[in-house]
Amino acid sequence: MTVEASALDAAALRADFPILASLVHDGRPLVYLDSAASTQRPTAVIQAMTTAYEREYANVHRGVHWMSERCTDRYEAAREAVRRYINASAVEEVVFTSGTTAALNLVAHSWGDAHVGAGDEILVTEMEHHSNIVPWFQLAERRGAAVKFAPITDDGVLDLEGFAERLSQRTKVVAVSAVSNVLGTINPVARIVAAARAAGAVVVVDGAQGVPHGTTDVQQLGADFLAFSGHKMAGPSGIGVLWGRRELLDAMPPFLGGGSMIGEVTVDGFTSADLPAKFEAGTPPIVPAIGLAAAIEYVEQIGVARIAAHEQRLTAYAHEHLEALTGVRLLGPPAAGKSGIVSFVIDGVHAHDVAYMLDRGGVAIRAGHHCAMPLHKRLGITASNRASFYLYNTPADIDAMLKGIDQLQEKFRKRQRRRRSAR
Ligand code: PMP
């Protein structure tokens, strides 16, 4: 068995994450099942950021002094770490942003305003996060274009026929998530790219839930842009990435204007800097970038494929046990078609009550629409619960959630019985 294929030891890895030793609500151990919202960070990442602040910090790219040059080296080394992680062909294709949302807005403004016009269409899917919907609505409003939604099936899989029907010569952008943040559905990005290319559309992949949980090779992926966030992959918040194909980025106008993104400024105007500085106006997220590099090194040491396999086992385990419960409806496809995300609704109990009651027992899950209101509307619900897994979760975490669900269902059943007998 190769190291890559061997199972990771999540119980041992937990020791790398100090926050997982927290006790909540009168001494209950924290069971953290909300990594799709934000993962936790290992000591290696926290330490890299502390060291940067204590010993390596100055503003980047501007100083001629030693500390600035050293910090610039660290910042640019982080860009190289990202390039390696996603196998981009050049560091110039890696633009640091504050997160996925900022990266998607950058594309919608810079590429979108230059290439999308009246009567054009932008094709997204019904399962997108608001970050991959709203910037396209805003672009459509600015340019007189229209946003179309590719349908999903009842079990939360992209309807490829419906997608193809909505794709036409008018489609300028196809914007799709690699993995749904609610359903966990792994989308067939390669097929989507092939179809979009044939129609002449550019493909923007929202990789917020995909890049942290599987191997990414942008050269193989074939898409034009990919956005993701550091805080969902053991890194800090405040840092994200826009990867773009170089010829597209080269031809795009800058998005934000300010320091660092210029070649020259005169009283008559300005010229833009070369890539990637052109898209990094102002002081960038320096220390978060250093933290992201440490996170990448950490997950690379474990092996992204091993992390994905571990999460897949947890997803299958959660599915098997949740399916066995009466009154629990699982959303999305069977476990095999999912990344480490399991969402569900419980009959007669509001999602917020479920999350609140589980939290009292120390179990942190998500409740609400998860920034995917069109998806919830499509599924005929207003809110759901989401448990999401990362390299540090174990089946015992899922058992704790199942126990909490059992207790709250029993409580609600008793309450119903009392109400019926009082009638
Ligand atoms: N897209 C998806 C699929 C997400 O899950 C998220 C985060 N919930 C985002 C976009 C937005 O990411 P961020 O808040 O880091 O910008």
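Heavy atoms only: backbone and side chains are in, while hydrogens, waters and symmetry mates are out. Read the numbers this way: they start at 1 and go in the same order the structure lists the ligands and their atoms.
Counting only heavy atoms from C-beta outward, the side chains of Glu126 and Lys377 never approach each other to under 4.5 Å.
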Pick out the protein N or O atoms lying less than 3.5 Å from any N or O of ligand 1, and list each pair with its distance.
{"from": "ligand 1", "atom 1": "1 (N)", "to": "Asp206", "atom 2": "OD1", "distance (Å)": "3.2"}
{"from": "ligand 1", "atom 1": "1 (N)", "to": "Asp206", "atom 2": "OD2", "distance (Å)": "2.5"}
{"from": "ligand 1", "atom 1": "5 (O)", "to": "Gln209", "atom 2": "NE2", "distance (Å)": "2.7"}
{"from": "ligand 1", "atom 1": "8 (N)", "to": "His129", "atom 2": "NE2", "distance (Å)": "3.2"}
{"from": "ligand 1", "atom 1": "8 (N)", "to": "Lys232", "atom 2": "NZ", "distance (Å)": "2.9"}
{"from": "ligand 1", "atom 1": "15 (O)", "to": "Ser229", "atom 2": "OG", "distance (Å)": "2.6"}
{"from": "ligand 1", "atom 1": "15 (O)", "to": "His231", "atom 2": "NE2", "distance (Å)": "2.7"}
{"from": "ligand 1", "atom 1": "16 (O)", "to": "Thr100", "atom 2": "N", "distance (Å)": "3.4"}
{"from": "ligand 1", "atom 1": "16 (O)", "to": "Thr101", "atom 2": "N", "distance (Å)": "2.9"}
{"from": "ligand 1", "atom 1": "16 (O)", "to": "Thr101", "atom 2": "OG1", "distance (Å)": "2.5"}

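At least one donor-acceptor pair closer than 3.5 Å links the side chain of Asn393 to the backbone N or O of Tyr32.
Counting only residues at least two apart or on different chains, the side chain to side chain donor-acceptor pair (under 3.5 Å) pairs with a member in residues 324-341 are His319-Lys338. Contacts classified as side chain to side chain donor-acceptor pair (under 3.5 Å) and involving residues 183-202 (residues at least two apart or in different chains) are given here: Arg197-Asp224.
Evaluation of the salt bridge (charged side-chain N to carboxylate O under 4.0 Å, His left out) rule for Asp250 yields Arg246 as partners, not counting sequence neighbours.
In this pair, Tyr53 and Tyr57 present their aromatic rings tilted. The plane angle is within the 30 to 60° band.
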